[in-house]
Amino acid sequence: MTEKHSPLDQFTIHRIFEMKIGGIDISLTNSSLMMIAVLIILNAFLIYATKKKSIVPGRLQSLAEMSYEMIYNTTKDNLGNDGKRFFPLVYTLFMFILLCNMLGLIPYSFTVTSHIIITFALAFGVFLLATVLGFVMHGHKYLRLFLPKGVPIFLAPLLVPIEIVSYISRPISLAVRLAANMMAGHTMIKVFAGFVVALGIFGIAPFLFIVLLYILETLIAFLQAYVFAVLTCLYLSDSFHPEH
Amino acid sequence: MSDQKKVDDLENSLKGLSKKLDSIKAHNINEEYSHKSKQFSGFPYAFKIVSELFANILVGGAIGWTLDYFFNTKPTLLIIFLIIGFISGIYTSYKSSKKFAKY
């Protein structure tokens, strides 16, 4: 009984459909079910919204166009005209994270992005792309990132480890930020929901607080998806111009 | 003959005009959007600086711990890399805030 109402209970993963191939557990869990739902909803929304292609957009179409233009401008501002080819990646990441966050806010659903392994997988993909891109575009000169020009050589033993640590910490900071924000918000809502039950008639106070918290959480859900997109652009732009 | 030339000239000038108009329109639209997107532009940098401070220490500690594990030098490298993590956390957030000052 108490275990079921723990604030962290909402983050447990349980198997819905057991599957095993060659000793590898690939069961369908509530997490993967949620991700499949996100993908289906996302595709259905974008396909349906852009089906009509009217000049004066309807509600759905303008929603699709707004999200497109927002990320398009973000990509262009941060990466320049050259980086426009990464727009599909950034847009996909943004919409996926946004929908995961937003659907996670629905009661009884599951927040995929509250698990650090999911966000880390996304962040590590970006990190890998930025690194490979940097080496492809600049060759061994990309290592200049760790020792900027004009730095005296006797500072190298100190500066190179610092820069390496700071470079490796990029995907960690991306992943931890998103997961921590999501988890903290949902845990807080659940804790205050517990107060509502415990306080009886005075539970109206924490209940009102939850309503306000939900508004804040909706803002954070959007903002974190946007932050992820912007920082993806920033890290990719670092591999374009490693000297800056 | 001259009529044909006139028509060509007219068409050329028309094309030039519409090109100019397009570029002006595109410029205006871009300006409008870049103005709109300024509303949220501060948030990513704020989140970036905070989480970088944290993540650098984490990564420094993790590298130190792993190297210790392989070289059997239990606490030494952990301490050294934690300090490096602290330094790089401050250094990275300083660099990020310098970039932020441009906006």
Side-chain angles (χ1 to χ4, degrees), chain A residues 65-66 68-78 81 94 116 119-120 123 127 145-146 148 151 155 157-181 219-220 222-235 237-238 241 244, chain B residues 26-67 76-103:
Chain A
E65 281 176 6
M66 261 164 64
Y68 185 98
E69 269 160 11
M70 194 180 82
I71 298 303
Y72 184 80
N73 285 316
T74 311
T75 318
K76 212 179 63 186
D77 285 350
N78 286 306
N81 278 329
F94 171 75
I116 205 160
T119 55
F120 184 73
F127 173 75
L145 192 71
F146 298 125
V151 174
L155 270 179
L158 185 65
L159 204 62
V160 170
I162 288 175
E163 288 282 0
I164 287 175
V165 167
S166 125
Y167 190 73
I168 294 173
S169 79
R170 282 172 179 188
I172 311 277
S173 92
L174 259 182
V176 168
R177 179 188 316 114
L178 180 55
N181 265 292
L219 175 73
I220 285 182
F222 167 75
L223 215 57
Q224 287 304 320
Y226 182 61
V227 166
F228 201 98
V230 170
L231 292 184
T232 301
C233 289
L234 278 185
Y235 292 151
S237 90
D238 262 7
H241 326 281
H244 295 297
Chain B
H27 184 73
N28 280 350
I29 286 170
N30 277 346
E31 214 148 75
E32 195 184 315
Y33 278 117
S34 63
H35 183 71
K36 260 186 194 168
S37 65
K38 283 278 186 294
Q39 280 175 332
F40 285 114
S41 64
F43 283 100
Y45 299 95
F47 278 114
K48 185 174 184 254
I49 291 166
V50 171
S51 60
E52 264 169 0
L53 264 174
F54 171 72
N56 277 293
I57 298 166
L58 210 73
V59 169
I63 292 175
W65 190 86
T66 318
L67 290 181
T76 327
L77 288 173
L78 177 66
I79 294 167
I80 291 170
F81 272 90
L82 259 180
I83 292 169
I84 287 175
F86 275 115
I87 296 170
S88 85
I90 307 268
Y91 176 69
T92 320
S93 37
Y94 166 71
K95 268 207 307 198
S96 305
S97 53
K98 238 181 21 183
K99 250 182 219 168
F100 173 63
K102 260 192 279 180
Y103 288 89

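Just so it is clear: chains get the letters A, B, ... in the order the sequence lines come, proteins before strands, and each one is counted from 1.
Looking at I172(A), both its backbone and its side chain come within 4.5 Å of chain B, counting heavy atoms on both sides.
Residues satisfying the ring-ring contact (aromatic ring centres under 6.0 Å, His included) criterion with F127(A), sequence neighbours excluded, are F124(A), Y167(A). With sequence neighbours excluded, no residue forms a ring-ring contact (aromatic ring centres under 6.0 Å, His included) with F47(B).
Contact detail for R177(A) and K48(B): the closest heavy-atom pair is NH2-CA, 3.7 Å.
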Can you give the donor-acceptor pairs under 3.5 Å from side chains of residues 77-84 of chain B to other protein atoms, not counting sequence neighbours?
none

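Residues of residues 51-58 of chain B having a heavy atom under 4.5 Å from any heavy atom of chain A, listed by number: S51(B), E52(B), F54(B), A55(B), N56(B), L58(B).
Atom CZ of F146(A) has more than 12 neighbouring heavy atoms from other residues, nucleotides or ligands inside a 6.0 Å radius.
A side-chain contact (heavy atoms from CB on, under 4.5 Å) with S88(B) is found for exactly one of I164(A), V165(A), L159(A), namely V165(A).
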